[in-house]
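In each ligand, atom 1 is the first atom listed, and ligand 1 is the first ligand listed.
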Amino acid sequence: MKLSNRIEGLTGGGSDGWDIYRKSRAMVADGLDVVELTIGEHDRRTEPEILEAMHASALGGHTGYAALPGTDSLRDTVAARVAARTGVPTTRDNVVIVPGGQAGLFAAHVAACDPGDTALFIDPYYATYPGTIRGTGAIAKPVRADADRGFQPAEADLAKAAPGARSLLINSPNNPTGVVYTRDTFDGIARVAEAHELWLISDEVYDTQIWSGTHLSPRQLPGMENRTLVIGSLSKSHAMTGSRLGWIVGPEDAIDHLINLTTHTTYGVPGFVQDAGDFALKQGQGLEDRIAAPFRRRHADAMRRLLAGGVDVVPSTASMYLMADIRPTGLTGEAFAHRLLDTHQIAVMPGESFGTAAAGHVRIALTVADARLHTALDTLIAFTGQLTEHAA
Ligand code: PMP
């Protein structure tokens, strides 16, 4: 039976960018000891006290249908956190709870775009972005942010792509590059969004993983509050990837419609998961810092180690990832990653999994214990050195 073009077109017919990940998972299932530096999954599980809060909530009876917009308490907590971090007055009416940032990205595009509308996003991008946009029936149009500009999108490029578009999706701190947008970049984005009447969809799921400087949300820029939908999630900030808990923050009328959408899609998020998330957020910055600490440490260590070993690294100040520039080896990121996995059982993500702008790079997720990471990086350095010598 023929399925819809929409679902068959999710991956655009080609690779969906997850080939290396699937291959390394299959190798692990076969009993091989692969160092997996692929996806953004912490090497620690959710904190026991968060799970205890979840347990208590479930035993206390919060197992029926939960309030569709999210519980009042969690929406208040999210609103207070956003207001404190951005200075933008925010109440529960600006918040809808969704089952994870990914669901939020999909819902935000449903809210912003009609089928056939153009939705802009920045290349390099988190691998699901184009499929998420296509899944809503919109047309996914990339705008390149090049390595030689430090992967900061240029206002001129955005302005060129914007006429006729309905939305622009950005992600700072950025996956895959670890780059945080500068104030100049944000100002350019805001000018283009205003001039072309775009919805700005701001994916801020890495807002607790900034290693120098502070997080800026474009919703706090003048004139942007009424055209910005912010995507947040507890996956990265609280090591709660499996709990599937996130939110969208935006103007009240947009949130009303998004709540209506949840009635017709997810029908809410389990109450005991929301209560656990509420508890987690109420622990404040101390817990967030504790969960971010290994990545802060490994990011600095890995950057130093790779640079000392002669591997070029994209300058970055955030996230659980680093991008290595492996162009001197003469290989594509994809060929490099396959070879590294086949010969040394180390899995990294090819830059090509994230679009065209990060070609010739590989993304290293800093998601294994320090000693294991160091050994893997030393192997990667030696491997890169040999290939580079061979290419010279
Ligand atoms: N946005 C970005 C940039 C991500 O890297 C991820 C997960 N890796 C997500 C959104 C989705 O996260 P979740 O659905 O777990 O909240």
Next on the checklist: Below 3.5 Å, N or O to N or O, backbone or side chain included: is there any such pair between S235 and ligand 1?
Outcome noted: yes
Item to check | Check: T343 side chain, R339 main-chain N or O, donor-acceptor pair, under 3.5 Å | outcome: yes
Checklist entry - Which residue owns the protein heavy atom closest to atom 11 (C) of ligand 1, what's the atom, and how far is it? => result Q102 N, 3.8 Å
Next on the checklist: Less than 3.5 Å apart, any donor N or O on the side chain of Y321 or Y206 sitting next to an acceptor on the other?
Outcome noted: yes
Item to check | atom 9 (C) of ligand 1: the protein heavy-atom neighbour that sits closest, reported with distance to 0.1 Å | outcome: Y126 CE2, 3.6 Å
Checklist entry - Does a side chain donor of either K236 or H42 reach within less than 3.5 Å of an acceptor in the other side chain? => result no
Item to check | Residue pair P124 / F151, side-chain heavy-atom distance below 4.5 Å | outcome: yes
Item to check | Neighbour count >12 (heavy atoms, 6.0 Å) for atom CD1, I7 | outcome: no
Item to check | Pair listing, salt bridge (charged side-chain N to carboxylate O under 4.0 Å, His left out) test, anchored in residues 90-104, at least two apart | outcome: D72-R92, D76-R92
Item to check | Atoms in ligand 1 with a heavy atom of N175 nearer than 4.0 Å | outcome: 3 (C), 4 (C), 5 (O)
Next on the checklist: So if I count the atoms of ligand 1 from 1 in the order they appear, which ones are less than 4.0 Å from some heavy atom of S233?
Outcome noted: 13 (P), 16 (O)
Checklist entry - So which protein heavy atom does atom 8 (N) of ligand 1 come closest to, and at what separation? => result K236 NZ, 2.9 Å
Next on the checklist: Between D207 and R85 (salt bridge meaning N to carboxylate O under 4.0 Å), is one present in this structure?
Outcome noted: yes
Next on the checklist: Could you identify the single nearest non-hydrogen protein atom to atom 14 (O) of ligand 1 and state the distance to 0.1 Å?
Outcome noted: R244 NH2, 2.6 Å
Checklist entry - Side chains of H62 and D275: do they bring a donor and an acceptor to under 3.5 Å? => result yes
Next on the checklist: Looking at ligand 1, would T241 count as a contact under a 4.0 Å heavy-atom criterion?
Outcome noted: no
Checklist entry - Looking at atom 2 (C) of ligand 1, what's its closest protein heavy atom, distance included? => result D203 OD2, 3.4 Å
Checklist entry - With only distance considered, is G101 within less than 3.5 Å of ligand 1 through an N or O on each side? => result yes
Checklist entry - What atoms of ligand 1 come within less than 4.0 Å of a heavy atom belonging to N171? => result 3 (C)
